[in-house]
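Please read the structure below before turning to the comments.
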2 protein chains.
Amino acid sequence: MSLRHAVLGLLARDPGSGYDLMKLFDTSLRTVWPATRSQLYGELSRLADAGLVHVSAPGGRGRKEYSITDAGRAELHAWLLSGPSRGARSEMLLRLCFLGQVEPSDARAYLRHQAELAAKELAELEAVERLVPERGRLAFELGLRHLRVQQEWAAWAEGRLAESGATMTE
Amino acid sequence: MSLRHAVLGLLARDPGSGYDLMKLFDTSLRTVWPATRSQLYGELSRLADAGLVHVSAPGGRGRKEYSITDAGRAELHAWLLSGPSRGARSEMLLRLCFLGQVEPSDARAYLRHQAELAAKELAELEAVERLVPERGRLAFELGLRHLRVQQEWAAWAEGRLAESGATMTE
DNA sequence: CGTAGCATGTAATGAGTTACATGATTCA
DNA sequence: TGAATCATGTAACTCATTACATGCTACG
């Protein structure tokens, strides 16, 4: 139930309408916690019902500007410091569990492709490094490091498969 | 839609009943792709309707042993080699985006806790390293490397906060 | 006056969680 | 005969995705 907390986090920085928040979900949070309009507007209503946010400034064109309440801030704070919730799914790891079931050459090609993909994303990330605001620095650095291991690991894994394949056909 | 592929992957290794598969979901796949009974039995029916698996051996107590079909194998193969699907959510990264909104001392404590957590999981993983079957080796290694960066990063991040906190109060 | 951008939602469907509900067999 | 294990499911609910649907306003 973290969409709720993403919304609270954004509103804790600045009040805004659903429309405003949507732009943030489509930019800064795009790769971290994607959300759609229908989800967002629904969640805003529920948050308002629960008293965690309130409409602070109705505007033209039906605009409703929301602000976080004290209760909302308390909820956000508690969540921020709470442990990681269970149930993490990793499609990558799942594929890996069954990668032994395709031809070794296919598996190698797949891993090579993964390495290239990670390298590309890494390059993109490094290119925008200086644009990252100070407050986003920690998250950025973690993303960077994750991509680096991803790339190194894929290269290592491909090498390993190549070796064992060679051994087998000898 | 990856529960489907997890089931196909398991059945491609060995035929089994919903009950059998559930044990695997609760052990080997627990940390990779958790699933519940109700999800699993539902998915098995749908897979059978779609012709990707079939009941190969009905047994006592209502047991239905499923096997993968050629169509199922084809589907699995295609999925294994397909690119990563979009929509990856990271609760960790989301927390990080908003960690600036709590007291620096709270944030540091949180990061220290994360580092310890990663170190503990790492130790557990390393302890069972030799029990990992050859076919699970790639996934295991990726998990290991991810935990290592997690730990190193959390330590680095905490140090960074400590520094900037010190600068601010000077 | 038209179009780009602002601004809000609903409906249908699929995926995941939790709780409930039942019955057969084996073995001590 | 009673408990553990085998074995299957349904129902209610929440969360996420996709498509549909509408209307106002500023500006050129």
Side-chain angles (χ1 to χ4, degrees), chain A residues 1-8 10-11 14-27 29-50 52-66 79 85-91 94, chain B residues 1-8 10-11 15-27 29-50 52-66 79 84-91 94:
Chain A
M1 218 227 263
S2 286
L3 171 65
R4 157 159 306 210
H5 300 112
V7 172
L8 288 174
L10 291 174
L11 289 179
D14 284 304
S17 65
Y19 190 87
D20 295 337
L21 293 175
M22 200 57 224
K23 279 188 288 192
L24 295 172
F25 274 103
D26 279 343
T27 54
L29 292 187
R30 203 182 66 253
T31 58
V32 172
W33 204 271
T36 59
R37 260 197 316 290
S38 66
Q39 246 185 306
L40 179 53
Y41 283 114
E43 192 60 46
L44 279 170
S45 298
R46 265 171 269 132
L47 281 167
D49 289 348
L52 303 182
V53 306
H54 68 111
V55 178
S56 51
R61 293 179 262 207
R63 177 185 174 91
K64 291 186 238 174
E65 193 169 278
Y66 290 92
W79 172 77
S85 69
R86 269 304 105 213
R89 291 180 163 79
S90 166
E91 204 172 321
L94 188 61
Chain B
M1 220 225 266
S2 285
L3 171 66
R4 156 159 306 208
H5 300 111
V7 173
L8 288 174
L10 291 174
L11 289 179
S17 67
Y19 191 85
D20 295 335
L21 293 176
M22 200 57 224
K23 280 189 287 192
L24 295 172
F25 274 103
D26 279 342
T27 55
L29 291 187
R30 204 182 65 254
T31 59
V32 173
W33 204 272
T36 58
R37 260 197 317 291
S38 65
Q39 245 185 307
L40 178 53
Y41 284 114
E43 192 60 47
L44 279 169
S45 297
R46 265 171 270 132
L47 280 167
D49 288 348
L52 303 181
V53 306
H54 69 110
V55 179
S56 50
R61 295 180 262 206
R63 177 185 173 90
K64 291 185 236 173
E65 192 168 279
Y66 291 91
W79 172 77
S85 68
R86 268 307 104 212
R89 291 178 164 81
S90 167
E91 204 172 321
L94 187 61

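All values derive from a computational prediction rather than experimental measurement.
One interatomic measurement links the two molecules: CD of A/Gln39 to C1' of C/dA12, which rounds to 15 Å at whole-angstrom precision. Note: CG (A/Leu24) to C1' (C/dC6) measures 15 Å, nearest angstrom. For B/Phe25 and C/dT17, the CZ to C1' distance is 15 Å, given to the nearest whole Å. One atom, CD of A/Glu43, and another, C1' of C/dT8, lie 17 Å apart when rounded to the nearest Å. As rounded to whole Å, 14 Å separates atom P of C/dA7 from atom CG of A/Leu44. Rounded to a whole Å, the CG atom of B/Asp26 is 14 Å from the C1' atom of C/dT17. When the C1' atom of C/dA7 is taken as reference, atom NZ of A/Lys64 falls 10 Å away, rounded to whole Å. Nucleotide C/dT10 holds its P atom 11 Å from the CZ atom of A/Arg46, rounded to whole Å.
Of all heavy-atom pairs between A/Tyr41 and A/Tyr19, the closest is OH-N, 3.4 Å. Taking each heavy atom of A/Glu91 and B/Ser85 in turn, the nearest pair found is OE1-OG, 2.8 Å. Across all non-hydrogen atoms, the minimal contact from B/Gln39 to B/Leu3 is NE2-CD2, 3.7 Å. Closest approach of A/Pro15 and A/Glu65 over heavy atoms only: CB-OE2, 4.1 Å.
Applying the salt bridge (charged side-chain N to carboxylate O under 4.0 Å, His left out) definition to pairs two or more places apart or across chains, those involving residues 18-27 of chain A are A/Asp20-A/Arg63. Listed by first and then second residue, the salt bridge (charged side-chain N to carboxylate O under 4.0 Å, His left out) pairs that reach into residues 31-43 of chain B are B/Arg4-B/Glu43, B/Glu43-B/Arg46, sequence neighbours excluded.
The residue among B/Ser2 and B/Arg37 whose nearest nucleotide of DNA chain C lies closer to the 5′ end is B/Ser2.
Looking at heavy-atom distances under 4.0 Å, B/Arg89 makes contact with sugar-phosphate atoms alone, never a base. Contacts of A/Ser38 with the nucleic acid, taken as non-hydrogen atoms under 4.0 Å apart, include base atoms.
Running 5' to 3' along DNA chain D, contacts with non-hydrogen atoms of chain B at under 4.0 Å begin and end at D/dT5 to D/dT17.
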Any N/O pairs under 3.5 Å between the protein and nucleotides 22-28 of chain C? List them or say none.
none

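For A/Pro34, the side chain to side chain contact (heavy atoms under 4.5 Å, CB included) test picks out B/Arg89, with sequence neighbours left out. Residues meeting the side chain to side chain contact (heavy atoms under 4.5 Å, CB included) test with B/Ala48, sequence neighbours left out: B/Val53, B/Tyr66.
A distance of 5.0 Å separates OG1 in A/Thr27 from CG in A/Leu24, rounded to the nearest 0.5 Å.
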